[in-house]
Amino acid sequence: MLQLNYIREHEQEVIERLAIKRFDGTEIIGQIIMLDDRRRETQKQLDDIQAKSNTIAKEIGLLFQSGKTEEANRKKEETSELKNQARELNTRLEQTKNELDELLVKVPNLPHATVPAGKGAEDNFVVSAWGEPVKDREGLLPHWDLITKYDIIDFQTGIKISGSGFPVYKRKGARLQRALVNFFLDEALKAGYDEVQPPYVVNAASAYATGQLPDKDAQMYHAGLDDLYLIPTAEVPVTNIYRDMILKIQDLPYKNVAYSACFRREAGSWGKEVRGLNRLHQFDKVEIVQITHPDRSYQALEEMVEYVAGLLKKLQLPYRILKLCGGDMSFTSALTYDFEVWSAGQGRWLEVSSVSNFENFQSNRMKLRFKDDAGKIHLAHTLNGSALALPRIVASLLENNQSPEGIRIPAALVPYTGFERIGQ
RNA sequence: GGAGAGAUGGCAGAGCGGUCGAUUGCGGCGGUCUUGAAAACCGUUGUCCCGUUACCGGGACCGGGGGUUCGAAUCCCUCUCUCUCCGCCA
């Protein structure tokens, strides 16, 4: 969430920047400042009363010790009124804090100054592109036909076991999954990321810290008996490693990579656009996360974008990089680049990665800070990116590399798959 | 799942109703000594909120929440977690 002090000191600027994200902050920002004023005022009054009570309590203690019981008892009576006042103020303070918090968590992150205005996906800005998308679809099959043809991914059996969106990967399909995961992890290690294996279920505090709660709870599977959420991305558990921590400045940046299965309910987003591997309830992803100094986060973002681009080049998949417009950005992000690969059999671009800088929006929620050389404490910046999500990579690999002789595996992946071709 | 014990500052570990934000040790930082280092000695060492923002002042925090009391790290209730034993088990 945004920092209160920043909101107070830059009220107009905050409202203007939120408008880029198509969020009308005129009313809520005013309310937040008003509630914070009330919070401060109440806090001040409460502190004063506590100070008085503390003084009297100490005096009573001394009186008892010196045997002046009568005087002590007289003093006791003085405190009862103070106690009532304190109780009242405390209740008001708690209420005010809760109201303030409820509003604060509804305000999205401010977009970076370079984020273009825009309504939705159609207004995203194409930053760069690489490779030659095959536009002639003559004789090319979409991946949902290819997986049946070669019997490598089985949606029907997945439906029997779990439901739609939970495919069973078989034979070379299963081995391709494992190969991609290992390839992505090894590449990240080479690029200096530390590998971690996080839990796949998280508590509410973790989901709240990265911004999945309170807004997007309908997108997560929830294990009600234990009140745990299945992770929609490894971003959640990996970033939460650093929750409530004060890091040493010289240890920054922290760079982690994690493979995990990801679970998404995708409530209300099913349709023909999302056939086959285009959208699943369970999928595999390798995620990179960085915790950086505020002065270095945009440099880190560029580095992460370069890194993801390198992966796609090694896989020889034509891609383009989009800078998301305000209207298409996520709630928590300050700047996001999306990667899309060309899918020849469907004749369209598929989003395979999203790389974002959250600045201190997540850090502020999760109290992720660092101490500088002077001993001062500041919020760190958090970033993450998919590197990469498997299903659409697989879709694109299958569709782009199909031939009468089968599906050709890109050279960089062959050491991991142990085969060069799917099919004959 | 059953029985018992516990949760205190970066770590270890005292305190069990009143100068306790907390003894002490280790670690960290600064200094004396030394050609340099080690050792020794001296000093310093948490976070958050509010006011002043040079200095400083007030408040809160001893796992979370609630209660008793003039006053709680200390007593009571409750939740969570950890450890030991038993059970179950990859």
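So that the names make sense, note that chain A is the first sequence line, chain B the second, and so on, each numbered from 1.
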Colleague: Who does U24(B) pair with, Watson-Crick or G-U, both distances under 3.5 Å?
Modeller: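 U24(B) is paired, partner A12(B).
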Colleague: In B/S/- notation, 5' to 3', how is nucleotides 43-50 of chain B contacted by protein heavy atoms closer than 4.0 Å?
Modeller: ----SSSS
Colleague: Taking the six-membered ring of Phe419(A), is NZ or CZ of Arg175(A) closer than 6.0 Å to its centre and within 45° of its axis?
Modeller: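 Judged by the rule, Arg175(A) and Phe419(A) form no cation-pi pair.
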Colleague: Run through Asn182(A), Thr417(A), Val394(A) and flag the one making a side-chain contact (heavy atoms from CB on, under 4.5 Å) with Gln177(A).
Modeller: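 Only one of Asn182(A), Thr417(A), Val394(A) forms a side-chain contact (heavy atoms from CB on, under 4.5 Å) with Gln177(A), namely Val394(A).
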Colleague: Return the nucleotide paired to U19(B): Watson-Crick means purine N1 to pyrimidine N3 with N6-O4 or O6-N4, wobble means G-U with N1-O2 and O6-N3, both under 3.5 Å.
Modeller: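 Paired with U19(B), as far as the under-3.5 Å criterion goes, is no nucleotide at all.
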Colleague: Apply ring pair (Phe, Tyr, Trp, His ring centres under 6.0 Å) to Phe331(A) and list each qualifying residue two or more places apart in sequence or on a separate chain.
Modeller: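 Once residues adjacent in sequence are excluded, the partners of Phe331(A) under the ring pair (Phe, Tyr, Trp, His ring centres under 6.0 Å) criterion are Phe361(A).
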Colleague: Report the residues that fulfil ring pair (Phe, Tyr, Trp, His ring centres under 6.0 Å) with Tyr337(A), sequence neighbours left out, ordered by chain and then residue number.
Modeller: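 Not a single residue meets the ring pair (Phe, Tyr, Trp, His ring centres under 6.0 Å) criterion with Tyr337(A).
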Colleague: Under 4.0 Å between any heavy atoms, over every strand shown, what does Asn54(A) touch: base, sugar-phosphate, or nothing? Just pick one.
Modeller: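 The answer is sugar-phosphate, as Asn54(A) gets under 4.0 Å only of primed atoms, P, OP1 or OP2.
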Colleague: Please list every donor-acceptor pair under 3.5 Å in which a side-chain atom of residues 93-102 of chain A meets a protein atom from a residue at least two apart or in another chain.
Modeller:
unit_1   : atom_1 : unit_2   : atom_2 : d
Thr96(A) : OG1    : Arg92(A) : O      : 2.7
Asn98(A) : ND2    : Glu94(A) : O      : 3.4

Colleague: Return the nucleotide paired to G51(B): Watson-Crick means purine N1 to pyrimidine N3 with N6-O4 or O6-N4, wobble means G-U with N1-O2 and O6-N3, both under 3.5 Å.
Modeller: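 Across any shown strand, G51(B) pairs with C56(B).
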Colleague: By the 4.0 Å heavy-atom rule, please label Ile56(A) as base, sugar-phosphate, or nothing.
Modeller: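 The answer is nothing, as Ile56(A) stays clear of every strand by at least 4.0 Å.
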Colleague: N/O contacts under 3.5 Å, protein versus nucleotides 71-77 of chain B?
Modeller:
none

Colleague: Could you pull out all residues at least two apart from Asn256(A) that satisfy side chain to side chain donor-acceptor pair (under 3.5 Å)?
Modeller: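 Per chain and number, Asn256(A) pairs via side chain to side chain donor-acceptor pair (under 3.5 Å) with Tyr242(A).
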Colleague: According to salt bridge (charged side-chain N to carboxylate O under 4.0 Å, His left out), who are the partners of Lys190(A), at least two apart in sequence or on a separate chain?
Modeller: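 Result, salt bridge (charged side-chain N to carboxylate O under 4.0 Å, His left out) vs Lys190(A): Glu187(A).
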Colleague: What is the separation between atom CG on Asn84(A) and atom C1' on U69(B), rounded to the nearest whole Å?
Modeller: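 Going from CG in Asn84(A) over to C1' in U69(B) covers 15 Å.
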Colleague: Return the value, rounded to whole Å, for the distance between atom CD1 of Ile249(A) and atom C1' of G28(B).
Modeller: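 Distance check: Ile249(A) CD1 to G28(B) C1' gives 17 Å.
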Colleague: To the nearest Å, how far apart are Leu93(A) CG and G59(B) P?
Modeller: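 For the pair Leu93(A) CG and G59(B) P, the rounded distance is 16 Å.
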Colleague: Could you please name the partner base of A7(B), counting Watson-Crick and G-U wobble pairs only when both distances are under 3.5 Å?
Modeller: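 Partner of A7(B): U80(B).
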Colleague: List in chain and number order the residues that pass ring pair (Phe, Tyr, Trp, His ring centres under 6.0 Å) with Tyr259(A), two or more places apart in sequence or in another chain; answer none if no residue qualifies.
Modeller: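 Per chain and number, Tyr259(A) pairs via ring pair (Phe, Tyr, Trp, His ring centres under 6.0 Å) with no residue.
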Colleague: Distance check, P atoms only: C11(B) and G27(B), in whole angstrom units.
Modeller: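 Approximately 16 Å lies between the P atom of C11(B) and that of G27(B).
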Colleague: Between Asn203(A) (CG) and C79(B) (P), how many Å, whole number?
Modeller: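 Rounded to whole Å, this separation is 19 Å.
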Colleague: Not counting sequence neighbours, which residues clear salt bridge (charged side-chain N to carboxylate O under 4.0 Å, His left out) with Lys21(A)? List them please.
Modeller: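 For Lys21(A), no residue satisfies salt bridge (charged side-chain N to carboxylate O under 4.0 Å, His left out) once neighbours in sequence are set aside.
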Colleague: Quick one: look up who U32(B) pairs with, Watson-Crick or G-U, both distances under 3.5 Å, and put none if it's unpaired.
Modeller: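 Pair assignment: U32(B) / A40(B).
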Colleague: Enumerate all atom pairs, one protein N or O and one N or O from nucleotides 9-12 of chain B, separated by less than 3.5 Å.
Modeller:
none

Colleague: Identify the nucleotide, in any strand shown, that forms a Watson-Crick or G-U wobble pair with C75(B), with both distances under 3.5 Å; if there is none, say none.
Modeller: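 The answer is G67(B), by the H-bond criterion.
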Colleague: Can you measure Ile49(A) atom CD1 to C70(B) atom C1' for me and round it to whole angstrom units?
Modeller: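 Ile49(A) atom CD1 is separated from C70(B) atom C1' by 15 Å.
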Colleague: Return the set of residues passing ring pair (Phe, Tyr, Trp, His ring centres under 6.0 Å) with Phe263(A) (not counting sequence neighbours), or none when no residue passes.
Modeller: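 None.
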Colleague: With sequence neighbours left out, what residues match Tyr221(A) under side chain to side chain donor-acceptor pair (under 3.5 Å)?
Modeller: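 His281(A).
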Colleague: Between Gln50(A) and Lys58(A), name the one whose nearest nucleotide on RNA chain B is closer to the 5' end.
Modeller: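 The residue mapped nearer the 5' terminus is Lys58(A).
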Colleague: Are Asp372(A) and His378(A) linked by a side-chain donor-acceptor pair shorter than 3.5 Å?
Modeller: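 Result is yes, a qualifying pair exists.
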